[in-house]
Amino acid sequence: MPASLQLVVFNLDDQRYALHLPCVERAIRMVEITPLPKSPNIVLGLVNVHGEVIPVLNIRKRFRLPEREAVLGDQLIIARTARRLVALVVDTVSDVLALPSGELVAPESILPQMEHVEGVVKLDDGLVFIQDLDKFLSLDEEQALEAAIEEGNC
């Protein structure tokens, strides 16, 4: 049996993106985001999910999409990077897909220098950009986030 991609698909504006299903812990309705002083610009703040404090990353800023305030209708995807749990604000979580691994197209073959994109899947109704969460934060951003969280815990 060929290897398959299992993806959680989400929307930002009119574009679809995805994360690998094993990285995603859950999707929840929007909750209040507490600002985190001295955090990198990519961090919107922190959320408390079942007693666990999780940084919320601004995926719109990372992908150079028009910024907007989070609204109650938005969702948070709680996902695990190699270093920590993070939350991403998305418009909606729309689907879970299982596709043959051969469906994955290298991002460079579509558009060079697509940072943070691991691959692209072509569906009948458009493209889905698969995110590489482990490359989402630069090392400097990761260190600044860690320092801001530590300072907030004092």
Side-chain angles (χ1 to χ4, degrees), residues 1-36 39-138 141-142 145 149:
M1 183 169 148
S4 72
L5 292 169
Q6 293 182 311
L7 304 171
V8 175
V9 180
F10 59 92
N11 298 321
L12 291 171
D13 296 335
D14 294 326
Q15 180 56 54
R16 288 180 298 179
Y17 300 86
L19 295 171
H20 288 281
L21 179 61
C23 296
V24 175
E25 292 217 346
R26 61 187 167 273
I28 62 172
R29 283 190 268 177
M30 178 56 68
V31 296
E32 184 178 350
I33 299 172
T34 303
L36 179 61
S39 64
N41 288 337
I42 197 70
V43 177
L44 290 170
L46 302 171
V47 292
N48 183 333
V49 179
H50 303 295
E52 189 159 9
V53 177
I54 302 170
V56 180
L57 305 182
N58 187 343
I59 195 167
R60 288 180 169 278
K61 180 175 286 218
R62 182 57 79 213
F63 298 133
R64 298 181 184 96
L65 296 172
E67 295 217 29
R68 68 168 178 75
E69 290 290 318
V71 296
L72 283 179
D74 289 341
Q75 292 182 291
L76 289 171
I77 294 178
I78 310 300
R80 185 165 295 286
T81 70
R83 293 176 291 281
R84 70 173 68 249
L85 271 181
V86 296
L88 305 174
V89 178
V90 301
D91 298 350
T92 57
V93 175
S94 58
D95 208 352
V96 175
L97 297 175
L99 302 165
S101 294
E103 298 285 316
L104 183 69
V105 176
E108 302 81 36
S109 66
I110 295 175
L111 186 65
Q113 299 174 333
M114 288 180 71
E115 291 182 88
H116 320 295
V117 175
E118 177 183 317
V120 180
V121 175
K122 297 177 188 176
L123 301 178
D124 292 340
D125 58 348
L127 300 175
V128 177
F129 295 97
I130 302 169
Q131 304 312 300
D132 186 344
L133 267 186
D134 287 331
K135 294 181 181 172
F136 203 80
L137 289 176
S138 71
E141 289 169 335
E142 182 71 40
L145 173 59
I149 290 173

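One-based numbering along the sequence shown. Computed from heavy atoms alone, side chains included, the values below leave out hydrogens, waters and symmetry copies.
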Please identify each residue that fulfils side-chain contact (heavy atoms from CB on, under 4.5 Å) with [X], with sequence neighbours left out.
X: Thr34; answer: none
X: Leu104; answer: Leu5, Val121, Ile130
X: Glu141; answer: Pro40, Ile42, Arg62, Leu137, Ser138
X: Val31; answer: Val47, Leu76

Approximate separation, where rounding is to 0.5 Å, of [X] [atom1] and [Y] [atom2]:
X: Gln6; Y: Ser101; atom1: CD; atom2: OG; value: 10.0 Å
X: Ile33; Y: Leu36; atom1: CD1; atom2: CG; value: 12.0 Å
X: Phe10; Y: Leu88; atom1: CZ; atom2: CG; value: 6.0 Å

Charged N to carboxylate O below 4.0 Å: is that the case for Glu103 and Lys122? no

Is the count of non-hydrogen atoms from other residues, nucleotides or ligands lying under 6.0 Å from Glu67 atom CD greater than 12? yes

Report yes if the side chains of [X] and [Y] come closer than 4.5 Å at any heavy-atom pair, otherwise no.
X: Glu118; Y: His20; value: yes
X: Val128; Y: Tyr17; value: no
X: Val71; Y: Arg68; value: yes
X: Ile54; Y: Glu25; value: no
X: Val89; Y: Met30; value: yes
X: Leu85; Y: Ile78; value: yes
X: Ile28; Y: Arg26; value: yes

Looking at [X] and [Y], would you say the former's side chain and the latter's main chain have a donor-acceptor pair under 3.5 Å?
X: Thr92; Y: Ser94; value: no
X: Gln131; Y: Ala18; value: no
X: Gln15; Y: Leu127; value: yes
X: Asp132; Y: Asp134; value: yes

Of all heavy-atom pairs between [X] and [Y], which one has the smallest distance, and what is that distance?
X: Ile149; Y: Arg84; value: CD1-NH1, 3.7 Å
X: Leu46; Y: Val56; value: C-CG2, 4.3 Å
X: Arg80; Y: Leu133; value: O-CD1, 4.3 Å
X: Ala70; Y: Asp74; value: CA-OD2, 3.4 Å

Can you list every side chain to side chain donor-acceptor pair (under 3.5 Å) pair that touches residues 42-52, not counting sequence neighbours? none

Between Phe63 and Phe129, does the ring centroid distance fall short of 6.0 Å? no

Decide yes or no on side-chain contact (heavy atoms from CB on, under 4.5 Å) for Leu7 and Asp95, but give the supporting numbers first. CA-CA 8 Å; Leu7 304 171; Asp95 208 352; over 6 Å; no

For Arg60, which residues count as a side chain to side chain donor-acceptor pair (under 3.5 Å) partner, sequence neighbours excluded?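 For Arg60, the residues satisfying side chain to side chain donor-acceptor pair (under 3.5 Å) (neighbours in sequence not counted) are Asp13, Asp91.
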
I'd like to know whether Arg83 forms a side-chain contact (heavy atoms from CB on, under 4.5 Å) with Glu142, so could you lay out the CA-CA distance, the side-chain angles of the two residues, the decisive distance to 0.1 Å, and finally the verdict. CA-CA 9 Å; Arg83 293 176 291 281; Glu142 182 71 40; 3.3 Å; yes

Given the rule in the side-chain contact (heavy atoms from CB on, under 4.5 Å) test, do Asn58 and Val43 qualify, once you have shown the distances and angles that lead to the verdict? CA-CA 6 Å; Asn58 187 343; Val43 177; over 6 Å; no

Determine, step by step, whether Leu21 and Val96 satisfy the side-chain contact (heavy atoms from CB on, under 4.5 Å) criterion, reporting the C-alpha distance in whole Å, the side-chain angles of both residues, the deciding distance to 0.1 Å, and the verdict. CA-CA 8 Å; Leu21 179 61; Val96 175; 4.3 Å; yes

